[in-house]
Student: 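After the structure tokens below, expect a handful of questions from me.
So you know, we letter chains A, B, ... as the sequences are listed, proteins then strands, and number each from 1.
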Amino acid sequence: MPRTSPKTQPRSADPAIRFDDLTLGYDGHAAIHHLSGELGRGTLTALVGPNGSGKSTLIKGIIGLLKPLGGSFTVSMDQTVAYLPQHSELDRSFPARVKDLVALGLWQRCGLLGRHQPEDRKKVSGALTAVGLDGFGDRPLDTLSGGQLQRARFARVLVQDANLILLDEPFNAVDEKTIRDLIALIQGWRAEGRTVVTVVHDLDLVRSSFPEALLLARRPIAWGPTAETVTPKNMQRARLFQEAWDDDAPWCAPAIRVRPGRAA
Amino acid sequence: MLDLFIAPFTEFAFMQRALAGALLLSLSACPVGVFLMLRRMSLAGDAMSHAILPGAAAGFLIYGLEIVPMTIGGLIAGALVATGAGAVARLTVQKEDASMAAFYLVSLSIGVVMVSLRGSSVDLMHVLFGTVLALNDAALILIGIVTAVTLISIALYWRALVAECLDPLFLRSVSKLGGVVHFLFLGLVVLNLVAGFQALGTLLSVGLMILPAASARFWVNSVFAMCLLAVGIGFAASLSGLLLSYHASLPSGPAIILSAGAAYLLSLLAGPRGLLRPLLPGRHHRTA
């Protein structure tokens, strides 16, 4: 986890993550330009934007899977991170049981070699109960439906017991009842004071369940309370972004910045 | 009757050594094969087995049929091809399957050219197909060391190996071990192929790795059980292959791999996850 050294003095009371002119991308092409701002502790933020707007890229950057092309970000030292990759990253044909998948969440506690203690096993079965998969522990992964598998992956997040939770498109290919249950879990995490960032496509869901939103379109369009962020005008601007890479695009000069709480 | 199975091993020391070597190889290579298959890299194992040829050939050219130099040469060639192919995949637009294919094909042809520079086709046959019946002390010790290193590494890195197959992005989010495990694992593959080539040859040693693992997949549904079953199938194939070779005067390496192939065919047909089970009458579905 790259915890880049803070360049600036704390602006607010120690946010969970501070972005400082962060640019992330691939092969020199920026997928997100110049993100600056703070992600407050205990906030529940929806990451919104068209396909290719840099939402997953931002999450991968925070996790440390991508190195910044420019700028930096700082994850507060006391933050432990749980990351839920997109559905498609998991090999469903792998010969494992549901509880093996969930027990991966013990990694931060037990590491490579630590034995799983009885209380760890209790944690795993408790998490399965919490996501509504009681009795599924011994089922092979390839017998689960898409929704059940997503519940199991949420159980793994529960077991990780992290205070910063990053979820990449957790509601894809999941039915309404499951979405309701997963939203309830997410709101429970927020009530416990955890910081949650979730990539979401369903704007109605964003408006109804996420107090804050960050609207991306290869650059931050708006960031703040959902009602002020996910507006028709902002969405229109987000849709106009250029999806294709332009190989002749000029090299970037520091320009557009967005801070939470106001539109650019 | 029992004589048929036991006499060859009690009467001939070379058969005992062959059996010991083949059993050790099974103990080591079969679990590696399970992970190779689960990572969808079965054919990469085959490519690597070709790739070690020029190294073995260089050892052979300089020192003759000596196990230690040929082994070291094989390890170097295998490491070069694995890291070269991996580096091309990471640094360029090319995917690892294509770069691996390019590297191993060049490597294989260099190896064949090198062997033909000096040896007769008998030498080439030896390097390509091995002679488990001629395992000497040095070879047995080498196989023993490789087995120990492999089993200890797999035991130590078990959790990371499983996580890397099942959910690699997740592993990278909680640990820096992802990349380490990938290269450690490739190292184990090369090590086991090199250990196997004296007995089975460069081309066939991958057979003992993949066939028992692929067979086990039809029977069980947990990684640990697959490893145990694959080792068992490897043991059975070693034993029956050597007996087949002894009684029917077949070359020993291919006889072992053919036995493993028979186990694969049987598993494919009869295993609970195989072809025939769904066709059996009487088993209907439950109501819930």
Student: Are side-chain heavy atoms of A/Arg97 and B/Asn221 found at a separation under 4.5 Å?
Tutor: no
Student: What I'd like to find out is whether the side chain of A/Arg156 reaches to under 4.5 Å of the side chain of B/Asp167, using heavy atoms alone.
Tutor: yes
Student: Would you mind checking which part of B/Phe224 comes under 4.5 Å of any heavy atom in chain A, side chain (CB onward), backbone (N, CA, C, O), both or neither?
Tutor: neither
Student: Do A/Pro85 and B/Arg172 have side-chain heavy atoms sitting under 4.5 Å apart?
Tutor: no
Student: How about CZ on B/Phe185, more than 12 heavy atoms from neighbouring residues, nucleotides or ligands closer than 6.0 Å, or not?
Tutor: yes
Student: Could you tell me if A/Ser93 and B/Arg217 have a donor-acceptor pair between their side chains, going purely by distance under 3.5 Å?
Tutor: no
Student: Taking all atoms of both residues into account, what is the closest heavy-atom pair of A/Arg115 and B/Arg159, and its distance?
Tutor: CA-NH2, 4.4 Å
Student: Would you mind listing every ring pair (Phe, Tyr, Trp, His ring centres under 6.0 Å) that reaches into residues 134-167 of chain A, with sequence neighbours excluded?
Tutor: A/Phe154-A/Trp189
Student: Please state whether the side chain, the backbone, both or neither of A/Gln86 comes within less than 4.5 Å of a heavy atom of chain B.
Tutor: neither
Student: Which region of A/Leu166, side chain (C-beta onward) or backbone (N, CA, C, O), has a non-hydrogen atom less than 4.5 Å from a non-hydrogen atom of chain B, or is it both or neither?
Tutor: neither
Student: Heavy-atom distances under 4.5 Å only: say whether B/Arg273 touches chain A with side chain, backbone, both or neither.
Tutor: side chain
Student: Anything in residues 98-112 of chain A with a heavy-atom distance to chain B below 4.5 Å? Please list those residues in order.
Tutor: A/Leu101, A/Leu104, A/Gly105, A/Trp107, A/Gln108, A/Cys110, A/Gly111, A/Leu112
Student: Check whether any side-chain heavy atom of B/Val220 sits under 4.5 Å from a side-chain heavy atom of A/Pro95, and report yes or no.
Tutor: no
Student: Does any part of the side chain of A/Leu90, heavy atoms only, come nearer than 4.5 Å to the side chain of B/Phe170, both counted from C-beta?
Tutor: no
Student: Quick check on B/Leu171 against chain A: is it the side chain, the backbone, both or neither that has a heavy atom closer than 4.5 Å?
Tutor: side chain
